[in-house]
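To start, the structure under review is shown below, and the notes come after it.
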Amino acid sequence: MSEAAHWAYVAAAYAAGLIIVGALVIHAVLDARAQRRTLARLEAPPPPRGARAGTPRTPASPTPAAGSTEARP
Amino acid sequence: MIRLANPTRFMAFAGAVLPWLAAAAAASLAVGLWLALIVAPPDYQQGETVRIMFLHVPAAWLALMMYSIMALSAIGTLVWRHPLADVSQKAAAPIGAAFTLVCLVTGSLWGKPMWGTWWVWDARLTSVLVLLLMYCGILALWATLEEPNRAARAVAILTLVGFVNIPIVKFSVDWWNTLHQPASVLRVGGPTIDPSMLWPLLVMAVAFTLLALALHLSGMRTEILRRRIRTRRILAAERLDRGAPA
């Protein structure tokens with residue numbers, strides 16, 4: 001077997017290792033970030049009555065109608 | 001150690017240790033890859049393909065180590081019913097599964113040029129495949145049972161039953177006449193590998209161990225956060241049920 005063929009198997013093995021371990025590390029980082037954000041959102045004090053999260057209410061965005069699924073404060 | 005058994009103290013400890021552990025893992029991995037791919041000489045029989053061993057062997061050790069950590073945590077769950085033991089079990093499972101997969105894939109990529117086949121139903125290879133299936137079963141069980149304490153007890157029993165496979169993986173090459181070569185590093189009488197290849201292997205093993213520990217600590221922190229979120233949501237739902245604002 002040629003030296004190039006040996007190196008091809010070595011490259012394939014290291015690429016496979018990088019993909020599997022890389023996926024594990026990326027998943028760990030993204031999952032940790034998602035859980036931290038969710039907990040921070042749940043622990044945040046509720047906004048004052050009448051206020052909405054995000055941009056202040058303008059006449060162009062009226063109060064949601066009764067039965068609307070839009071988030072309420 | 002007992003002080004760390006408190007989840008809040010554990011979170012503070014892990015938060016302080018994790019960056020250093022991750023940095024040490026990255027540095028040792030860089031040195032290990034340099035030694036494995038550039039410094040180590042080709043083998044007189046295997047040629048350059050021997051470099052796969054520097055990835056395959058540490059992955060195999062880690063696959064066994066993570067299962068052993070899960071088994072110890074399972075004892076902690078069943079005997080002391082400690083929540084951190086549950087968390088440790090759950091965080092270790094995907095890491096062990098990933099390293100077992102790396103071990104099998106790299107072993108297969110070594111086997112084709114050296115043995116002339118991707119796979120044989122040899123005792124070592126088959127017992128490692130069983131180990132991967134055990135990890136998959138444990139991950140599936142965690143995903144199936146929603147209530148964490150019930151899931152932890154069921155997983156702990158399955159983990160301890162599956163632990164019987166660990167000595168089979170380790171000693172299969174001694175107990176049966178296998179195509180897989182016998183142990184050449186962790187053996188009575190010392191390693192049989194030349195130091196020029198032993199050092200890259202040991203550095204890669206240290207790097208993989210540090211990486212696995214960093215991932216385990218990170219996974220435990222994430223799982224503790226996930227359980228806090230679950231508790232908050234349950235409390236909010238109970239308040240809603242009683243008619244109080246969430």
Side-chain angles (χ1 to χ4, degrees), chain A residues 1-57 61-73, chain B residues 18 22 25-26 29 33 36-37 42-43 46-56 58-59 62 91 94-95 97-114 208 211-212 214-219 221-229 231-233 235-236 245-246:
Chain A
M1 186 180 279
S2 70
E3 197 177 318
H6 279 283
W7 275 109
Y9 282 105
V10 173
Y14 278 80
L18 181 70
I19 289 168
I20 297 167
V21 176
L24 189 68
V25 171
I26 290 169
H27 177 262
V29 170
L30 294 182
D31 194 22
R33 186 187 292 180
Q35 300 306 325
R36 269 201 307 272
R37 283 185 179 171
T38 308
L39 189 61
R41 205 173 54 239
L42 288 172
E43 283 178 342
R49 202 168 274 280
R52 280 187 63 174
T55 52
R57 188 175 299 283
S61 58
T63 308
S68 164
T69 53
E70 192 182 336
R72 285 168 182 275
Chain B
L18 203 51
L29 198 58
L33 286 172
L37 292 173
D43 183 69
Q46 301 176 41
E48 302 292 350
T49 313
V50 73
R51 297 180 199 284
I52 296 176
M53 180 189 73
F54 303 125
L55 198 58
H56 172 74
L62 261 295
I95 305 166
F99 280 116
T100 312
L101 187 61
V102 170
C103 170
L104 284 172
V105 171
T106 55
S108 190
L109 283 162
W110 181 89
K112 182 63 182 166
M114 292 299 112
F208 270 38
L211 178 64
L215 285 168
H216 190 222
L217 274 188
S218 166
R221 276 171 62 86
T222 306
E223 182 57 27
I224 290 170
L225 293 180
R226 191 176 285 117
R227 290 184 183 199
R228 285 183 180 170
I229 290 167
T231 307
R232 280 189 168 267
R233 284 187 171 149
L235 289 175

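None of the values given here were measured: they were computed from a predicted structure. Letters A, B, ... mirror the listed sequences (proteins, then strands); counts begin at 1.
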Which heavy atom in [X] sits nearest to a heavy atom in [Y], and how many Å separate them?
X	Y	answer
T49(B)	V10(A)	CA-CG2, 3.9 Å
A32(A)	T222(B)	CB-OG1, 3.4 Å
A13(A)	L55(B)	O-CD2, 3.4 Å
V105(B)	A16(A)	CG1-CB, 3.6 Å

Reported CG-to-CZ distance for the pair L24(A) and F99(B), which is rounded to 0.5 angstrom: 7.0 Å
Separation of L39(A) CG from I224(B) CD1 (nearest 0.5 Å): 11.5 Å
Sub-4.5 Å side-chain heavy-atom contact between Y14(A) and L37(B): yes
L225(B) side chain reached by T38(A) side chain, heavy atoms, under 4.5 Å: no
Verdict with reasoning, E48(B) to Y9(A), per side chain to side chain contact (heavy atoms under 4.5 Å, CB included): CA-CA 9 Å; E48(B) 302 292 350; Y9(A) 282 105; over 6 Å; no
Toward chain A, the part of [X] with a non-hydrogen atom under 4.5 Å:
X	result
I95(B)	both
Q46(B)	backbone
L215(B)	side chain
L33(B)	side chain
M114(B)	side chain

Charged N-O contact under 4.0 Å between E43(A) and R232(B): yes
Stepwise side chain to side chain contact (heavy atoms under 4.5 Å, CB included) check, H6(A) with V50(B): CA-CA 9 Å; H6(A) 279 283; V50(B) 73; over 6 Å; no
Segment of V29(A) engaging chain B (4.5 angstrom heavy-atom cut-off): neither
Toward chain B, the part of R36(A) with a non-hydrogen atom under 4.5 Å: both
Residue among H56(B), R51(B), R221(B) with most heavy-atom pairs under 4.5 Å to chain A: R51(B)
